[in-house]
2 protein chains.
Amino acid sequence: MRPKITLKQIAKELDVSISTVSKALRDSPEIGEDTKEKIKAFAKFYNYKPNNIALSLKNRKTKTIGIIIPEIVHHFFTTVISGVEKVANELGYNVLVCLSDNSFDKEVLNMEMLANGSTDGFIMSLAKETMQKGDYHHLVEAINQGMPLVLFDRVIDEITCDKVIIDDVNGAKKAVQHLIDIGCKKIALISTVDYVSVGKLRTKGYKTALKDNFFNVDESLILKIEEMDESEAEIERFLKDKDIDGVFAVNEHFAISAIKAIQENGKKVPDDVSVIGFTDGELSKRFIPSLTTVSQHGTRMGEEAARMLIEKLENTPAEDEKYKTIIVETGLVTRNSTKS
Amino acid sequence: MRPKITLKQIAKELDVSISTVSKALRDSPEIGEDTKEKIKAFAKFYNYKPNNIALSLKNRKTKTIGIIIPEIVHHFFTTVISGVEKVANELGYNVLVCLSDNSFDKEVLNMEMLANGSTDGFIMSLAKETMQKGDYHHLVEAINQGMPLVLFDRVIDEITCDKVIIDDVNGAKKAVQHLIDIGCKKIALISTVDYVSVGKLRTKGYKTALKDNFFNVDESLILKIEEMDESEAEIERFLKDKDIDGVFAVNEHFAISAIKAIQENGKKVPDDVSVIGFTDGELSKRFIPSLTTVSQHGTRMGEEAARMLIEKLENTPAEDEKYKTIIVETGLVTRNSTKS
DNA sequence: CAAAGGCACGAAATCGTTTTCGTGTTGAAA
DNA sequence: TTTCAACACGAAAACGATTTCGTGCCTTTG
């Protein structure tokens, strides 16, 4: 076992001072050519690499960014991480991933862990519980401490910071408009409870699209799901014998549960009922029938978020005054769950 | 903006020495009760938290573990991360996630980045390219530097370290045995190329099960896929007009492609052909017909890996001599893609 | 021949902690 | 009154690196 070598050891071995070694390795003109040569050769031979921790302490920056998400076993978040990772790595940053499990307490704990020097900034999507409680003191704290923060997907207006979102309203509108365009008359909405911002916004898009086309909004065609775990049964109950010809669901799972329910009711997708989901994941592509979805471009969101955060990190805090909100546009991917 | 407060600042403010503050906060008996009170109150008020970086430098341990995986948009790896995160957090560790994108160079780069003080140890699954090249110098380096390493899933015999694997051979055997038990006579195998260890092992399990039941191994029923991207077309070509009544695929995607191909051939799953996949992901659960799979328990693997790594980290390197390989057993989840 | 300037290097501070080893003050015992 | 614990606290080194500011020596020039 050969532990890592330090400047001090090189200095002692070569009988020069630590400063000389440091300068030689950074190619300072202060050091004579031959001494440089000698030191560099020695360092290379022993595979010297500066210790990141020491550098972090000295420079007061860690070159790592923390990302806190509600859950990782959710394809959308995974793609976001992938995007963050890509950009971060290109720019010499590491990524610390933390999971809040949708719990407020875990979210706060995670932030506190990371805020004490472990990261230079945060990229996060809020836990469901956090949005429900409306307690954002941990975010405020972080910002006050001078840590840049970029929120994505599940964001809130109360906090002023950089944000990356998709145009939920518009995405939903597009989807519903598409349903209308292909001839649907009675379109159901399967959404989440309103305190999850995306649920609220997509519901708004749904209603707007209906109104734009002079349909009236029938509240009995709207289902708001609280418990993910019971969504399947709830959706089945909701669609039982319902007279509809179109469904817009705010995520893949709801869409698939809807298809199942519809098929169990003896109807066909897409012949009798067209279904559109949100979030273009593996499931949508592979399911039979494959799902027409509003695609969310998670990777792009991650990339944008990382770019914004790093820009804040590398620029002087002088011009830190203005915050941006990037809206990543959605796309409609047409597949086999809708009539053509 | 109120930046983080340090010991030094507390010391100056309260007109005591840094050492006194440090000791007071750690409740040392050396410090008088009243001074302690005063310091603690002050620290609490200003929400003092020791700087992790400084601690890391001092203690020569970062309390973070690095996990390097080939790709994150793969449900199995996601569940592993989730397991690692859980255990790590419980034990006060952070998790640094890096993606190798199945590239050897990126894997090496990532390791070098993290090895210079950023992490105390590694949990990783090797990139496809790495296994293909057979170049493991970066792993050897890390181990030589005294960094514990736990390999999971895609492991190799050449490196001596802790490992977490599933019993691929046995899992495959179980699956094929199940196919045989329900009456299949001609069972196809859809696998990956042999240098991916899991492909090799599952192939072995497949053959063993056949032999155990006195079937003979028909190489024309075995497909080995090199390029993930073209897997769907390849599988379709392979199954075209093939006279089979069972398929064992080494992952979800292959299984689903197989089902599609079979259906396009005018046959029914599971009535005409039974299909079993490997890795129990979202897809398997939600697909119609839902997939009978060999479940891999990614979360458990992650938990075990994290536990092993942290144990190594916290114990004296004296008893470091023995390495364990934990085998997480697989389960067979019976669903609708197989006859009952 | 002396002063000045340049070259090549070293000492020390710094980042924020922890910890070891003093050291000054107080009280009590001799 | 002297001596010695005990007590409460401070100074300084250490972790590993960077950087500012010297400083000694050699060469050149007036």
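Proteins come first, then strands; the chains are lettered A, B, ... in the order of their sequence lines, and each starts at number 1.
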Self-check item: Euclidean distance, atom CG of residue D27(A) to atom C1' of dA8(C) [Å, nearest integer]
Solution: 15 Å
Practice problem: For K36(A) and dC7(C), give me the distance from atom NZ to atom P, rounded to whole Å. | Solution: 13 Å
Quiz prompt | Euclidean distance, atom NZ of residue K58(A) to atom P of dT17(C) [Å, nearest integer] | solution = 16 Å
Quiz item: Using a cut-off of 4.0 Å on non-hydrogen atoms, how would the nucleic acid contact of L7(A) be classed: base, sugar-phosphate, or nothing?
Solution: base
Exercise. Indicate whether OP1 or OP2 belonging to dC15(C) is found under 4.0 Å from a side-chain N or O atom of K8(B).
Key: yes
Quiz item: Does any donor-acceptor pair link the side chain of K23(A) with the base of dT20(D) at a separation under 3.5 Å?
Solution: yes
Exercise. Round to the nearest Å and state the distance from N52(A) atom CG to dT18(D) atom P.
Key: 11 Å
Self-check item: Residue closer to the 5' end of DNA chain D, S19(A) versus S19(B) (nearest nucleotide)
Solution: S19(B)
Exercise. Ignoring hydrogens and angles, answer whether the base of dA8(C) and the side-chain atoms of T20(A) contain a donor-acceptor pair closer than 3.5 Å.
Key: no
Quiz prompt | Whole-Å distance separating the CD1 atom of I10(B) from the P atom of dG16(C) | solution = 12 Å
Quiz item: Can you tell me if the side-chain N/O atoms of R60(A) get under 4.0 Å from OP1 or OP2 in dG16(C)?
Solution: yes
Quiz item: Rounded to whole angstroms, how far apart are NZ on K49(A) and P on dA17(D)?
Solution: 13 Å
Quiz item: Quick check: does any side chain N or O of N51(A) sit under 3.5 Å from a backbone N or O of I53(A), one acting as donor and the other as acceptor?
Solution: yes
Exercise. Mind running side chain to side chain contact (heavy atoms under 4.5 Å, CB included) on V84(B) and M301(B) for me, showing each step along the way?
Key: CA-CA 8 Å; V84(B) 171; M301(B) 291 182 75; over 6 Å; no
Exercise. Just compare dT20(C), dT20(D), dT18(D) and give me whichever is closest to any side-chain atom of R26(A).
Key: dT18(D)
Quiz item: Does S118(A) offer a backbone N or O that forms a donor-acceptor pair with the side chain of T64(A) under 3.5 Å?
Solution: yes
Exercise. Show the numbers, then the answer: is there a side chain to side chain contact (heavy atoms under 4.5 Å, CB included) between V150(A) and K163(A)?
Key: CA-CA 5 Å; V150(A) 177; K163(A) 291 164 190 168; 6.0 Å; no
Exercise. Scan S22(A) against the nucleic acid and name what it touches under 4.0 Å (heavy atoms): base, sugar-phosphate only, or nothing.
Key: base
Practice problem: Determine, step by step, whether I5(A) and N47(A) satisfy the side chain to side chain contact (heavy atoms under 4.5 Å, CB included) criterion, reporting the C-alpha distance in whole Å, the side-chain angles of both residues, the deciding distance to 0.1 Å, and the verdict. | Solution: CA-CA 8 Å; I5(A) 196 170; N47(A) 192 29; over 6 Å; no
Quiz item: For I53(B), which contact category applies under a 4.0 Å heavy-atom criterion: base, sugar-phosphate, or nothing?
Solution: nothing
Practice problem: Kindly say if Y48(A) contacts the phosphate of dG16(D), meaning a side-chain N or O under 4.0 Å from OP1 or OP2. | Solution: no
Quiz prompt | Rounded interatomic separation in angstrom, taking CG from N51(A) and P from dA17(D) | solution = 6 Å
Quiz item: To the side chain of I31(A), which of dC9(C), dT17(C), dC15(C) is closest?
Solution: dC9(C)
Exercise. To the nearest Å, give me how far apart NZ (K61(B)) and P (dC15(D)) are.
Key: 16 Å
Quiz prompt | Donor on one side chain, acceptor on other, K4(A) and N116(B), under 3.5 Å | solution = yes
Self-check item: Nucleotide nearest S17(A) (side chain, heavy atoms from C-beta), chosen from dG10(D), dA11(C), dC15(D)
Solution: dA11(C)
Practice problem: Give S56(A) one of three labels, base, sugar-phosphate or nothing, depending on what nucleic acid heavy atoms sit under 4.0 Å from its own. | Solution: nothing
